[in-house]
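Taking it in order: structure first as structure tokens, then the write-up.
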Amino acid sequence: MRQFAYLGVLAGCLVCALWLEPVFRVNVLRRWRRLLLTLAPVVLVFVLWDLAAIAAGHWTFDPEQTTGVLLPGELPVDELLFFVVVPVCTILGFEAVRAVNRWPAGDEPAGPPTGPDRAVADGAGPSADPVPPARESRA
């Protein structure tokens with residue numbers, strides 16, 4: 001059973017984070033294309049980093065705590081899953097905090113400004129004050 005220790009930790013991370021999706025309606029998994037575009041560079045960079053470290057002999061994995069399924073370059077599939085699971089859990093956590101604090105996600109439809117921004121857009125705010133003309137000097 002020790003060979004599933006790594007997968008067990010990853011499963012625990014997912015269990016602790018996946019409930020955020022329905023409870024806070026963060027829609028991370030629903031926007032799967034955006035998620036894949038976010039994950040792709042992370043996975044690519046860290047897989048390459050691990051492969052280089054493994055090839056150089058700087059990095060190893062305990063075969064008793066991993067499944068033993070190795071990808072090319074002797075990268076355990078468990079490690080590849082780590083590079084997917086941890087960022088997904090992080091994004092879920094961030095989006096849940098954003099939802100609770102009502103921070104805009106940046107992908108909301110454009111509409112008329114509300115609140116303090118409305119005064120500025122309507123020309124009634126401090127930024128709408130004209131710049132006073134420069135004084136003429138008469139010598």
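- The two residues Arg30 and Asn27 have their closest heavy-atom pair at NH1-OD1, 3.4 Å.
- Between Leu20 and Val26, the shortest heavy-atom distance links the atoms O-CG2, 3.9 Å.
- With Glu21 contributing its side chain and Trp19 its backbone, the two residues share no donor-acceptor pair below 3.5 Å.
- Annotation: the span from Trp32 atom CH2 to Leu37 atom CG amounts to 9.5 Å, rounded to 0.5 Å.
- Annotation for Ala99 and Phe24: closest pair CB-O, 4.0 Å, computed over non-hydrogen atoms.
- In this structure, the separation between CD1 on Ile91 and CZ on Arg98 is 12.5 Å, given to the nearest 0.5 Å.
- Rounding to the nearest 0.5 Å gives a distance of 11.5 Å between CG of Leu70 and CD of Glu79.
- Sorted by first and then second residue, the side chain to side chain donor-acceptor pair (under 3.5 Å) pairs with a member in residues 53-69 read Arg2-Glu64, Asp62-Gln65, Thr67-Asp78; sequence neighbours excluded.
- Residues Leu29 and Leu81 fall within the same hydrophobic cluster, defined by Ile, Leu, Val, Met, Phe, Trp and Tyr side chains chained together at heavy-atom separations under 4.5 Å.
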Exercise for the section: Report the C-alpha separation of Phe83 and Leu39 in whole Å, then their side-chain angles, then the decisive distance to 0.1 Å, and conclude whether the side-chain contact (heavy atoms from CB on, under 4.5 Å) test is met. Expected result: CA-CA 8 Å; Phe83 296 139; Leu39 290 176; over 6 Å; no
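- One hydrophobic cluster, built from ILVMFWY side chains closer than 4.5 Å, holds both Leu14 and Val84.
- Taking Arg34 as the reference, Asp107 meet the salt bridge (charged side-chain N to carboxylate O under 4.0 Å, His left out) condition, with sequence neighbours excluded.
- The side-chain heavy atoms of Ile54 and Phe61, taken from C-beta on, include a pair separated by under 4.5 Å.
- The two atoms that bring Val42 and Pro87 nearest to each other are CG1-CG, 4.0 Å, heavy atoms only.
- Grouped with Val45 in a hydrophobic cluster is no other residue, since no side-chain heavy-atom contact under 4.5 Å to another Ile, Leu, Val, Met, Phe, Trp or Tyr is found.
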